[in-house]
2 protein chains.
Amino acid sequence: MKYDDAKSKFISTWGSLGTLWGINKAMAQIHALLLISPEPLSMEDIMEELHISRGNTSMNLRQLMDWGIVFKENKIGERKEFFTSEKDVQELARQIAKERSRRELQPTIKILNDVSNIKDDGTDKTKELIKQTKALHEMAETLDIMMNKVVGQGNNWITKALVKLVK
Amino acid sequence: MKYDDAKSKFISTWGSLGTLWGINKAMAQIHALLLISPEPLSMEDIMEELHISRGNTSMNLRQLMDWGIVFKENKIGERKEFFTSEKDVQELARQIAKERSRRELQPTIKILNDVSNIKDDGTDKTKELIKQTKALHEMAETLDIMMNKVVGQGNNWITKALVKLVK
DNA sequence: TCAAACTTTCAAAAAATATTGAAAGTTTAA
DNA sequence: TTAAACTTTCAATATTTTTTGAAAGTTTGA
């Protein structure tokens with residue numbers, strides 16, 4: 001496989017993976033492109049490489065910056081803005097875990113908690129609702145801890161130990 | 001909060017969570033409904049509760065069964081089919097982890113492997129592509145192991161130990 | 001201050017995805 | 001074998017999401 005093939009294969013794979021995880025194609029592809037680009041890219045560059053419009057590029061870059069995985073960079077003497085991705089994949093994972101926890105897991109945990117705390121009126125259906133949402137609540141909290149502590153942190157010795165232990 | 005409110009809050013939360021993870025609303029809601037239902041439900045029951053069409057119900061039930069988290073059940077003397085969800089949330093998580101690994105992670109790992117093994121022609125861009133896809137490959141493999149071994153298996157002592165260790 | 005060089009916004013259009021419902025298919029019991 | 005009781009399929013439709021592109025906004029340097 002030649003460089004250009006490998007590159008486009010990677011970008012398109014990342015793009016379709018993204019949609020599978022609720023991230024839109026353009027956003028995932030921009031991220032992929034920046035991740036493998038040795039130099040920061042301008043908006044023009046990105047638009048050209050991925051054949052997407054200026055508006056689309058602008059909006060998705062903003063989202064990637066909100067996620068904390070893409071940064072603006074300024075080249076001296078250049079008016080326009082350049083963008084780079086977080087290049088350390090450990091740090092990338094940590095950031096994504098943190099944001100998904102904040103945006104999805106924590107609100108879910110809150111609701112599972114509310115729902116599982118309704119008054120037990122003694123009926124089967126109420127008992128089942130309480131039982132299952134309690135179980136989900138506990139599981140979600142465990143997941144939250146694992147995402148933030150195991151994947152996260154600079155430490156990472158836990159992950160290494162784990163992988164060794166379990167491989 | 002009363003039972004009915006709690007129930008519909010749970011179902012709608014699960015539904016919107018689903019869409020965030022690339023699972024459609026109806027599928028996630030059917031799953032939620034079955035999860036908290038003490039009795040197996042018929043297609044009629046589901047259609048009525050969730051206000052969705054027969055076709056939609058049929059297709060999404062089939063998908064849930066493909067995922068291995070919903071089962072057909074037959075009541076004696078009844079012609080129609082009834083459905084239940086996997087009720088053990090540990091087992092549910094295990095099954096979901098296994099399926100996501102198989103459908104998403106493993107194909108991705110394969111492609112990352114292919115891409116990261118292109119010939120190094122000495123250019124910066126090739127070096128960067130190889131470096132980053134190698135790093136992602138390693139990370140994806142670690143994630144795969146964790147999903148299948150840590151969340152999965154009946155063992156689960158690892159998870160418990162981990163949570164205790166890290167909480 | 002102006003205007004060139006950019007970026008952002010957002011209404012409209014396009015694309016992707018989910019849903020419906022009726023026809024076709026299947027199973028069962030008599 | 002038939003017909004009632006169900007389930008599945010799938011083309012058409014509806015809904016949601018993404019993308020576009022041009023106008024509005026911003027920043028900078030002269």
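Letters A, B, ... are given to chains in the order of the sequence lines, protein chains preceding strands, and every chain is numbered from 1.
When atom types are taken as modelled, the side chain of S37(A) and the backbone of L33(A) share no donor-acceptor pair closer than 3.5 angstrom.
The residues E39(A) and K125(B) are annotated as not salt-bridged, no charged nitrogen and carboxylate oxygen being separated by less than 4.0 angstrom. Salt-bridge check for D66(B) with R62(B): failed, with every basic side-chain N at 4.0 Å or more from each acidic carboxylate O.
A heavy atom lying under 4.0 Å from DNA chain C marks none of the residues of residues 68-77 of chain B. DNA chain D lies under 4.0 Å from at least one heavy atom of each of the following residues of residues 16-50 of chain A: N24(A), A26(A).
Listed by chain and residue number, D45(A) satisfy the side chain to side chain donor-acceptor pair (under 3.5 Å) test with S42(A) (two or more places apart in sequence, or in another chain). Applying the side chain to side chain donor-acceptor pair (under 3.5 Å) rule to E99(B) yields the partners R102(B), R103(B); only residues at least two apart in sequence or on another chain are considered. By the side chain to side chain donor-acceptor pair (under 3.5 Å) test, D121(B) is found to be paired with T123(B), T126(B), residues two or more places apart in sequence or in another chain being considered.
Judged by the 6.0 Å and 45° rule, R100(A) forms a cation-pi pair with W21(B).
Under the 4.5 Å side-chain contact rule for hydrophobic residues, F71(B) and F82(B) do not share a cluster.
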Quiz item: How does protein contact run along nucleotides 20-28 of chain C, one letter per nucleotide 5' to 3', with B for base contact, S for sugar-phosphate only, - for none, heavy atoms under 4.0 Å?
Solution: BB-----BB

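Straight-line distance from the CG atom of N60(A) to the P atom of dT7(C): 15 Å, rounded to whole Å. Distance Q63(B) CD to dT8(D) P: 13 Å, rounded to the nearest Å. Between E78(B) atom CD and dA5(D) atom C1' the separation is 12 Å, expressed in whole Å. Nucleotide dT7(C) holds its C1' atom 11 Å from the CG atom of L61(A), rounded to whole Å.
The environment of CD in E138(A) is sparse: at most 12 heavy-atom neighbours from other residues, nucleotides or ligands sit within 6.0 Å.
Here CG of N24(A) is found 9.0 Å from OG1 of T19(A). Values are rounded to the nearest 0.5 Å.
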